[in-house]
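Take a look at the structure set out below.
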Amino acid sequence: MTEVQSEPAHPVVEYKSASPFNRLREARWQLVTAASLGFASNVFFDVPWQAVLGAIALLVGVTAYVPRRLRSRRLEVVKQRELRRMWPGTGMKVTVDALPNPCFVADGRGITRYINQAALKQYGELTPGDPLSFSLRAPSLLEAFDRVCSSGAAERINWTEKVPTEAWFEAHVSPVYMPGPGGGGADAGRLPDFVLVVIRDLSEQRRLERMRTDFVANASHELRTPLASLTGFIETIQGAARDDPAARDRFLQIMLEQAGRMRRLIDDILSLSRIELKAHVKPAALVDLVEIVRHTTDALAPLASDMNVEIETDIDVGEALVRGDRDELIQVTENLIENALKYGSTGEKVSVSVKPVAPDAGPVNWSLVVRDYGEGIPAEHLPRLTERFYRVDVDSSRALKGTGLGLAIVKHILNRHRARLEVESAPGEGAAFKVHFPANDAD
Ligand code: ADP
């Protein structure tokens, strides 16, 4: 926590509420004593009463009208109040520390008086006492700060930063009025005692919004192409090819393929949105990876024989239990093996293994590896493979009935299972898609 190490010397405070009456009241015992001594000297030492009365009158006048610097407890109270106006109290600091967003408390001159934990984490070591502009450089934010200091009205502003990466921020700049006579309260015309700057990083939210818009644009584009082709062929069959049965049959076959492409795309989009809906629900059932792999390889045997590829399984265990959703894990295994068959067919072999990871070190983690021996994937594509609609080669993906969503679905399902996907590949050496499952608590 950044605590204030040294507070500035406080200016001498004049006791502003001292009226002549107050001063006399405060010095009443001294005045009574002096008056008693005066009367005693008149009685016992024959000091003339005019002199005694004159001395007392002088004393009362000096006490009532000569201003003094107060050294009383009340001065300390006034001083403390003034200090509180310059440095936030503990209550304010702990409240600001409890906020999850970076938060700065500054005084009306733009000097930082307190910086909360979240701001320290995000902006590094900052020292209270420095101008706010040392840590917050966005001109629009500093201008808003000045406006709040002079108008006392809260403001909300947004700004973007381009370096090191594009980032969006929002800041709430609000005046703070301390209660009581030391602080002003939000009276008309009163300037704020402090200004609170709370910053929110909107980058993640904006990126998600952009992803969603990109997704809708990509999905519409992917659907529009087969739809345009369908419309074109219908018009041809209705017109030029009306009386040409051979051409009509050929066109109907193409139309069937285009309709299939649209259906696959819609199925994948629906699949993605269903998985997204369940993203935060961790699967509870125990499922057997060995059974899932056997089931999937059987189902894909016809495709493997069409592609002239042999599927080899390397499984030494009877069962491999993980917490999961069987249908979703079948979809993962199916997508990975299908990709290996389609894109790695030149290798003529695909191997699938299920193995325990570090079986001697506590609960067992499982790995599922799908490896092909085809052309492989150039390194620059690896980080983007799981993005929606990302393909290394769009034409070959379309020719092989790909939608560009298979690995995005795999990634989403694995996220839900707290499992990790790792891809290893080098051009000409095939590709290995490795899934690491965490140990389940039944082990
Ligand atoms: P698609 O529906 O196009 O297959 P995926 O999301 O499943 O979409 O895969 C994305 C892209 O990754 C594919 O278009 C392909 O270019 C590449 N890819 C996936 N698996 C392999 C593999 N085993 N070998 C080579 N490239 C692959």
Side-chain angles (χ1 to χ4, degrees), residues 1-4 83-180 182-217 276 280:
M1 180 184 301
T2 302
E3 265 296 345
V4 175
L83 278 175
R84 272 207 299 277
R85 273 167 40 77
M86 293 179 73
W87 299 95
T90 314
M92 186 162 172
K93 289 177 187 169
V94 293
T95 311
V96 162
D97 266 332
L99 294 177
N101 296 333
C103 194
F104 296 81
V105 181
D107 65 17
R109 292 176 302 147
I111 305 294
T112 315
R113 296 303 185 188
Y114 193 67
I115 300 153
N116 80 344
Q117 296 293 336
L120 286 175
K121 247 185 238 150
Q122 190 159 326
Y123 293 84
E125 264 324 297
L126 303 170
T127 324
D130 287 342
L132 192 66
S133 52
F134 278 17
S135 19
L136 302 175
R137 303 229 163 74
S140 51
L141 173 61
L142 296 173
E143 282 161 19
F145 180 89
D146 288 343
R147 282 195 300 276
V148 172
C149 287
S150 50
S151 70
E155 280 198 28
R156 193 182 71 173
I157 56 143
N158 291 284
W159 75 97
T160 333
E161 285 178 11
K162 301 277 178 213
V163 183
T165 50
E166 195 169 28
W168 290 264
F169 296 96
E170 178 189 72
H172 286 261
V173 187
S174 341
V176 177
Y177 296 94
M178 302 307 285
D187 309 344
R190 174 97 210 172
L191 292 180
D193 296 310
F194 296 109
V195 175
L196 190 66
V197 182
V198 184
I199 297 172
R200 215 152 71 88
D201 188 345
L202 301 178
S203 310
E204 194 52 37
Q205 194 180 319
R206 288 287 163 94
R207 262 189 283 276
L208 281 175
E209 279 164 17
R210 190 178 278 181
M211 249 176 71
R212 238 167 247 146
T213 6
D214 285 355
F215 178 70
V216 173
E276 268 184 335
H280 302 292

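Applying the side chain to side chain donor-acceptor pair (under 3.5 Å) test to pairs two or more places apart or on separate chains, those with a residue in residues 144-158 are Arg147-Glu155. Within the structure, ring-ring contact (aromatic ring centres under 6.0 Å, His included) pairs that include any residue of residues 88-110 comprise Phe104-Tyr123 (at least two apart or interchain).
Atom CD1 of residue Ile111 and atom CZ of residue Phe194 lie 12.5 Å apart, to the nearest 0.5 angstrom. Annotation: the span from Asn116 atom CG to Thr95 atom OG1 amounts to 11.0 Å, rounded to 0.5 Å. One distance of note links CG of Leu132 with OG1 of Thr112; it measures 4.5 Å at 0.5 Å rounding. Rounding to the nearest 0.5 Å places CD1 of Ile115 at 6.5 Å from OG1 of Thr127. Distance check: Asp107 CG to Arg113 CZ gives 4.0 Å after rounding to the nearest 0.5 Å. The distance from atom CD1 of Ile199 to atom CD of Gln122, rounded to the nearest 0.5 Å, is 7.5 Å.
A search for side-chain contact (heavy atoms from CB on, under 4.5 Å) contacts involving Glu161 returns Trp159, Phe169, not counting sequence neighbours. The side-chain contact (heavy atoms from CB on, under 4.5 Å) check on Lys121 picks up nothing, with sequence neighbours excluded. Residues passing the side-chain contact (heavy atoms from CB on, under 4.5 Å) test with Leu196, sequence neighbours excluded: Val96, Cys103, Val105, Val176, Val198.
The shortest side-chain heavy-atom distance between Val173 and Val197 falls under the 4.5 Å cut-off. A heavy-atom distance below 4.5 Å is not found between the side chains of Met92 and Tyr114.
Here the closest non-hydrogen pair linking Gln117 and Asp97 is N-OD1, 3.0 Å. Nearest heavy atom pair, residue Pro175 against residue Pro192, reads CB-CB, 3.6 Å. When all heavy atoms are compared, the tightest approach of Pro102 to Ala118 is N-CB, 3.7 Å. Across all their heavy atoms, Ser174 and Ala154 have their closest contact at CA-CB, 4.1 Å.
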Enumerate, atom names and distances included, each donor-acceptor pair closer than 3.5 Å involving a side-chain atom of residues 207-214, sequence neighbours excluded.
| residue | atom | partner | partner atom | Å |
| --- | --- | --- | --- | --- |
| Thr213 | OG1 | Glu209 | O | 2.6 |
| Thr213 | OG1 | Arg210 | O | 3.1 |

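Panel note: side chain Thr160, backbone Trp168; no donor-acceptor pair is recorded below 3.5 Å.
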Glu170 vs Gln205, side chain to side chain contact (heavy atoms under 4.5 Å, CB included): CA-CA, chis, key distance, verdict: CA-CA 12 Å; Glu170 178 189 72; Gln205 194 180 319; over 6 Å; no
